[in-house]
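For ligands, and for the atoms within them, numbers begin at 1 and follow the listed sequence. When reading the values below, keep in mind they use all heavy atoms of this one structure, side chains included, and skip hydrogens, waters and symmetry mates. We number each residue from 1, following the sequence as shown.
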Amino acid sequence: MKRVGFLTSGGDCQALNAAMRGVAKALINTLGPDGVELYGFLDGYKGLIYSNYKQLTAKDFSGILTLGGTILGSSRTPFKTIKDPDENGVDKVAAMKQNYYKLNLDCLVILGGNGTHKTANLLREEGLNIITLPKTIDNDLWGTDMTFGFQSAVNIASDVIDCIHTTASSHSRVFIVEVMGHKVGWLTLNAGISGGADIILIPEIPYDIDKVVEAINERTRRGSKFTILAVAEGAISKEDAALSKKEYKAKMANYKYPSVSYEVAEQIREKTGIEVRVTVPGHMQRGGAPCPYDRVFASRLGTKAAELILQGDYGYMVGIKNRELVKVPLEDVAGKLKEVSPDAPIIHEAKMLGISFGA
Ligand code: F6P
């Protein structure tokens with residue numbers, strides 16, 4: 001008999017349900033319905049802290065392969081305060097351990113991104129058996145070439161750029177599409193290339209606004225009526241990147257724009273006189289059904305997690321490296337960010353396509 005808990009933490013994304021279904025189906029098919037007890041903690045780590053859970057059966061995992069969101073709900077429980085008692089004095093780490101032991105779990109399967117992995121690793125250090133699955137549209141988890149949710153989000157952001165293309169071609173304007181991705185540019189880079197953006201701004205390559213304007217003017221000179229920019233929500237100018245953490249924080253305290261795209265838009269307008277429009281698809285990028293790639297990928301990750309559980313081999317994130325599923329020690333994953341290298345071949349290839357990074 002294996003007793004396994006699940007929780008989904010942090011921002012949701014597509015294929016969370018597909019991944020849990022993969023684990024559950026593989027366990028049930030191997031051990032039989034009576035050989036496994038499954039529990040779902042609700043709303044992320046909160047469910048584990050406050051003992052808010054439900055027992056899950058095979059039926060709960062039926063019909064959810066294509067369902068977006070998470071059947072367990074999610075929430076953000078910041079790692080930096082995880083060791084602080086809550087407002088009622090509850091020791092959160094002790095409570096999570098207690099609830100794990102109360103259910104006599106063999107393993108807890110945690111689906112999450114960067115912050116989630118820090119807490120997952122802490123629970124491992126505290127002696128719990130943990131397996132994690134790499135979830136995030138940002139694709140910024142260290143130790144895996146790909147996270148599930150990412151390709152679905154690339155599809156959505158690309159669709160947005162495609163739609164903007166048709167309206168952009170009717171007007172002599174500059175259009176900016178702001179893409180999610182937190183502090184990294186994977187999503188913007190891939191959606192930008194896929195959507196045929198002319199300029200792509202990502203956090204890993206701080207932009208020079210004059211270079212951005214130069215690229216727009218060059219397009220105009222060559223007869224293009226419009227320019228499309230894919231701008232990462234975390235894009236940063238060269239000047240801002242040169243500031244100390246303290247100086248940058250002070251600047252942001254008085255920041256007058258809703259986000260970086262609006263600042264870029266105002267500067268382009270001032271420097272070129274061209275009308276600029278900003279589109280922010282926001283959480284749409286995390287919504288809807290997972291794309292086929294993510295359904296397959298998340299299902300595969302789920303079965304690999306089940307294999308590790310069956311072997312009693314805990315303390316890993318299941319990821320993918322060079323197209324092979326791999327187990328990566330949690331201590332190696334936690335606290336590390338996978339950024340786009342400015343020297344990566346894909347950046348070089350994008351430049352060969354004529355895409356400007358404003359640098
Ligand atoms: O990590 C996923 C993500 O969608 C990021 O791309 C984005 O910066 C963030 O979450 C938004 O968080 P929230 O849903 O808490 O607003």
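Interface atoms of ligand 1 facing Gly181, defined by a heavy-atom separation under 4.0 Å, are 6 (O).
Selection from His182, Arg76, His283 by nearest heavy atom to atom 10 (O) of ligand 1 gives Arg76.
Side chains of Glu263 and Tyr255: a donor on one and an acceptor on the other come within 3.5 Å. Residues Gln98 and Tyr100 bring no donor and acceptor atom of their side chains to less than 3.5 Å of each other.
From the protein, the heavy atom lying nearest to atom 7 (C) of ligand 1 is Glu233 OE2, 3.2 Å. At the shortest separation from atom 3 (C) of ligand 1 among protein heavy atoms lies Arg286 NH1, 3.5 Å. Of all protein heavy atoms, the one lying nearest to atom 1 (O) of ligand 1 is Asp138 OD2, 2.7 Å.
Residue contacts with ligand 1 for Leu187 are absent, since no atom lies close enough (heavy atoms, distance under 4.0 Å). Contacts between Gln285 and ligand 1, counted as non-hydrogen atom pairs separated by less than 4.0 Å, are absent for every part of the residue.
Rounded to the nearest 0.5 angstrom, Ile268 CD1 and Ile199 CD1 are separated by 6.5 Å.
A cation-pi contact, defined as under 6.0 Å to the ring centre and within 45° of the axis, links Arg219 to Phe226.
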Distance-only criterion, 3.5 Å: show the donor-acceptor pairs between side-chain atoms of residues 351-359 and protein atoms not counting sequence neighbours.
residue : atom : partner : partner atom : Å
Ser356  : OG   : Gly358  : N            : 3.0

Let's go through Lys251 and Glu247 carefully: what are the C-alpha distance in whole Å and the side-chain angles of both, what is the deciding distance for salt bridge (charged side-chain N to carboxylate O under 4.0 Å, His left out) to 0.1 Å, and is it a yes or a no? CA-CA 6 Å; Lys251 179 190 163 171; Glu247 287 166 335; over 6 Å; no
